[in-house]
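Per chain, numbering begins at 1; letters A, B, ... match sequence-line order.
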There are 2 protein chains.
Amino acid sequence: MNNEQNKIPQATAKRLPLYYRFINNLHHQGKLRVSSKELSEAVKVDSATIRRDFSYFGALGKKGYGYNVEYLLSFFRKTLDQDEVTKVALIGVGNLGTAFLHYNFMKNNNTKIEMAFDADPNKLGSDIGGVPVYHVDDLEDHLKNTAVAILTVPSTEAQGITERLVDAGVSGILNFTPARISVPDHIRVHHIDLSVELQSLVYFLKHYPLEEEAGD
Amino acid sequence: MNNEQNKIPQATAKRLPLYYRFINNLHHQGKLRVSSKELSEAVKVDSATIRRDFSYFGALGKKGYGYNVEYLLSFFRKTLDQDEVTKVALIGVGNLGTAFLHYNFMKNNNTKIEMAFDADPNKLGSDIGGVPVYHVDDLEDHLKNTAVAILTVPSTEAQGITERLVDAGVSGILNFTPARISVPDHIRVHHIDLSVELQSLVYFLKHYPLEEEAGD
DNA sequence: AATAAGTCGTGATTTTATTCACATTCTTTT
DNA sequence: AAAAGAATGTGAATAAAATCACGACTTATT
């Protein structure tokens with residue numbers, strides 16, 4: 001864990017799970033080898049970028065041949081710690097939270113939502129998507145060895161809940177609320193802001209016109 | 001529209017909706033002025049980056065004073081075309097799709113989901129979150145002047161639906177499926193890959209340890 | 001009125017990420 | 001066994017983004 005290979009660029013690290021999924025697909029399709037060019041077409045990342053990304057882990061391929069799918073898969077499985085399950089808690093069983101509970105994150109994945117919390121007493125005890133729902137007041141009682149929390153509460157609650165999560169030992173938060181939460185330096189937060197995504201797509205459409213008609 | 005200010009960096013463009021939202025908040029709180037430093041603390045973006053971002057639009061602030069909230073707000077409203085509503089269609093009324101229909105994107109927003117589509121006949125006619133649901137077979141009949149589509153279908157369907165959307169004149173797609181879809185050059189796609197986000201957060205936690213204890 | 005404090009806008013620098021382009025090596029074909 | 005073709009890995013170049021650091025101007029204070 002946290003090896004001295006700290007040199008892997010963040011942009012590369014963000015692409016690793018994507019590569020992993022597609023390599024997995026190839027493996028299921030029975031493909032034995034793959035070139036950076038083929039992979040590029042599948043994941044929509046420039047082939048030179050893929051080769052560069054892979055090269056941070058050493059020479060995974062063979063010149064003139066490409067990459068062995070099986071080898072690549074086992075390498076990425078190891079690198080992404082796919083054999084070790086990371087426990088995740090979800091806070092806020094609203095529409096979005098419920099969707100995630102039903103979403104099967106475990107497919108090709110080393111993460112498992114083990115419990116959920118909500119402030120609404122009507123939601124207690126129910127097992128949404130096989131995940132037990134507890135009252136948010138009891139957060140601290142249930143969160144043990146939970147490394148990651150998915151935050152899908154109303155944005156007014158975001159900061160308060162965050163502080164409790166941090167105190168309870170969570171070290172990573174996937175924040176789906178529009179609030180930008182404050183955390184101590186040792187906590188990592190990734191923001192996914194749905195309306196910003198939509199708005200920025202609209203902005204790009206209006207201000208960054210792409211080639212008109214090109215026929216794929 | 002698509003002015004000659006094509007020079008705005010993409011990274012800046014992605015942050016604009018975020019700035020807009022926070023400036024809006026400040027305005028509602030009755031604040032009259034704000035400095036890049038204050039804004040920085042709120043949106044968690046370095047203050048120099050904020051000043052640089054704003055500077056692409058000219059001199060919006062005043063030295064020694066900061067930015068006038070009202071002016072900033074009206075400037076961003078104009079820049080982000082907040083007065084013109086962009087029509088959005090949602091394809092795939094599963095758990096995630098339903099969550100978006102309930103989510104009120106219109107708050108602080110110039111986008112409106114006007115219709116939804118699903119392949120399940122049981123979902124037809126229902127008005128989820130005030131949005132009518134049509135059968136996906138009738139996609140082409142209803143999509144008129146719809147610029148943007150949100151894709152929340154099973155990943156096996158993603159490419160096929162995408163092609164129909166493109167033929168029907170959609171020019172931007174917000175893709176929530178794990179599939180990387182292929183589109184002609186003049187179509188813009190933003191991918192939001194939920195399990196990649198979760199996995200990459202986990203990867204960062206394990207491999208990029210942050211300062212141990214800092215006590216914010 | 002003079003001084004101090006605050007804050008922008010930006011040239012310069014640094015950092016991060018992407019892409020080019022090719023020598024090298026492996027595979028396949030003849 | 002030689003030649004042709006394919007594809008890696010990477011030094012070098014380029015591009016994009018973030019950050020530093022400070023002159024210039026504004027506001028607040030004495």
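At a threshold of 4.5 Å between non-hydrogen side-chain atoms, the residues A:R21 and A:V43 do not count as touching. Annotation: side chain of A:T86 is not in contact with side chain of B:L205 (no heavy-atom distance under 4.5 Å).
Which of C:dA17, D:dT27, D:dT10 sits closest to the side chain of A:S55 comes down to D:dT10. Comparing C:dT7, D:dT19, C:dT27 by their nearest atom to the side chain of B:S35 picks out C:dT7.
One side chain, A:T12 or A:D53, offers a donor N or O that lies under 3.5 Å from an acceptor on the other.
D:dA15 atom P lies 20 Å from atom CD1 of B:I8, rounded to whole Å. Regarding B:L16, its CG atom lies at a distance of 13 Å from the P atom of D:dA17, rounded to whole Å. Here the P atom of nucleotide C:dG6 and the CG atom of B:N68 are 21 Å apart, to the nearest Å. When the P atom of C:dA17 is taken as reference, atom CD of B:Q10 falls 16 Å away, rounded to whole Å. Straight-line distance from the CD1 atom of B:I50 to the C1' atom of D:dA18: 13 Å, rounded to whole Å. One atom, CG of A:D53, and another, P of D:dG9, lie 12 Å apart when rounded to the nearest Å. Atom pair B:F57:CZ and C:dG9:P shows a separation of 13 Å (rounding to whole Å applied). In this structure, CZ of B:R15 is placed 15 Å from P of D:dA16, rounded to the nearest angstrom.
For the pair B:T49 and D:dA18, the criterion of a side-chain N or O lying under 4.0 Å from OP1 or OP2 is not met. A close approach under 4.0 Å does occur between a side-chain nitrogen or oxygen of B:Y67 and OP1 or OP2 of C:dG9. For D:dA7, neither phosphate oxygen OP1 nor OP2 lies less than 4.0 angstrom from any side-chain nitrogen or oxygen of A:S36. Regarding contacts with the backbone of D:dT27, a side-chain N or O of B:K62 is found under 4.0 angstrom from either OP1 or OP2. Note on A:Y56: every side-chain N or O is 4.0 Å or more away from OP1 and OP2 of C:dT16.
Taking only distance into account, the side chain of A:R52 never meets the base of C:dT18 through a donor-acceptor pair shorter than 3.5 Å.
With the nearest nucleotide of DNA chain D identified for both B:G64 and B:R51, B:R51 has the one nearer the 5' end. For the pair A:T12 and B:Y65, both in contact range of DNA chain C, the more 5′-proximal nearest nucleotide belongs to B:Y65. Nucleotides of DNA chain C nearest to B:K63 and A:A11 differ in position, and the one nearer the 5' end is that of B:K63.
The CG atom of A:N24 lies 10.5 Å from the CD atom of A:Q29; values are rounded to the nearest 0.5 Å. Atom CZ in A:F57 sits 3.5 Å away from atom CD1 in A:I8 (nearest 0.5 Å).
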